[in-house]
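Scroll down for the structure; my scribbles are underneath it.
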Amino acid sequence: LLNGLLAEESARGEVCAIIDSRGAFDPSSAAQAGVDLRRLLWVRGGRRIEHAFKAADLILHAGGFSMVVLDLCEVPARELNAIPLSYWYRFRLAVENTPTRLIVAADQPVVKSCARVQLEVKRQKLVWRGPVFAGIDFEIATRKTRLQLAG
């Protein structure tokens with residue numbers, strides 16, 4: 001899903017950033033999905049959530065990115081639950097009157113009341129073409145929205 005979003009943005013000539021807190025981002029898969037890697041800033045968080053948040057803060061306040069992805073997937077729940085709500089308010093204020101979209105990916109809802117839209121992605125099945133892994137079919141459900149969504 002994230003690669004699809006990044007591919008769409010980079011195809012329009014936009015510059016994006018991904019803060020990869022656990023080293024899960026695969027540039028080969030992203031390029032295969034259509035992401036223009038020349039238009040992507042990839043920040044590796046070094047497995048420390050504090051580094052990921054510092055990077056996100058600097059990038060959001062610097063401006064110039066159409067989409068910033070903060071990937072917190074696979075971060076232990078105790079670390080996610082320890083994130084102060086003030087971080088999310090700071091990030092929301094940083095992007096509120098800009099064209100930048102902040103996407104936070106996590107294994108559980110973490111942004112809480114600061115999220116405009118909260119989606120839940122559920123894996124349906126793995127897709128194989130013969131012995132080769134071809135992708136994942138998934139379903140997206142809206143958990144919360146403070147916006148009018150088309151479709």
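Note that this is a predicted model, so its numbers are computed, not measured. All heavy atoms count here, side chains included; hydrogens, waters and symmetry mates do not. Index from 1, following the sequence.
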Q | N/O donor-acceptor pair under 3.5 Å between W88 side chain and V110 backbone | A | yes
When you group the ILVMFWY residues by side-chain heavy-atom contacts below 4.5 Å and let the links chain together, are [Y] and [X] in the same group?
X	Y	answer
W128	I136	yes
V127	V132	no
V95	L2	no

Hey, does [Y] have a side-chain heavy atom less than 4.5 Å from the side chain of [X]?
X	Y	result
L41	I59	yes
D57	R90	yes
E96	R116	yes

Rounded distance [0.5 Å steps], [atom1] in [X] versus [atom2] in [Y]:
X	Y	atom1	atom2	result
L60	F91	CG	CZ	6.0 Å
R38	S10	CZ	OG	9.0 Å
N3	D26	CG	CG	8.0 Å
C16	E8	SG	CD	10.0 Å
T98	H61	OG1	NE2	10.0 Å

For [X], I'd like to know if atom [atom1] has over 12 heavy atoms of other residues, nucleotides or ligands within 6.0 Å.
X	atom1	value
R123	CZ	no
E79	CD	yes
R22	CZ	yes

**Q.** L1: which of V121, L6, I103 passes side chain to side chain contact (heavy atoms under 4.5 Å, CB included)
**A.** V121
Q: Locate the shortest heavy-atom distance separating P27 from L37; write the atom from each residue and the value.
A: O-CD1, 3.7 Å
Q) Between V111 and L85, which heavy-atom pair has the shortest distance, and what is it? A) O-CD1, 4.3 Å
(Q) Does L40 form a side chain to side chain contact (heavy atoms under 4.5 Å, CB included) with V35? I'd like the steps, not just the answer. (A) CA-CA 8 Å; L40 180 69; V35 177; 4.2 Å; yes
Q: Apply side chain to side chain contact (heavy atoms under 4.5 Å, CB included) to Q124 and list each qualifying residue two or more places apart in sequence or on a separate chain.
A: K122, D137, E139
Q: State which residues pass side chain to side chain contact (heavy atoms under 4.5 Å, CB included) with Y87; sequence neighbours excluded, sorted by chain then number.
A: F53, I83, P84
Compile the donor-acceptor pairs under 3.5 Å between side chains in residues 64-76 and protein atoms, sequence neighbours left out, one pair per line.
residue: S66; atom: OG; partner: E9; partner atom: OE1; Å: 2.7
residue: D71; atom: OD1; partner: C73; partner atom: N; Å: 2.9

Q: Assess the side chains of Q108 and N81: does a donor N or O sit below 3.5 Å from an acceptor N or O?
A: yes
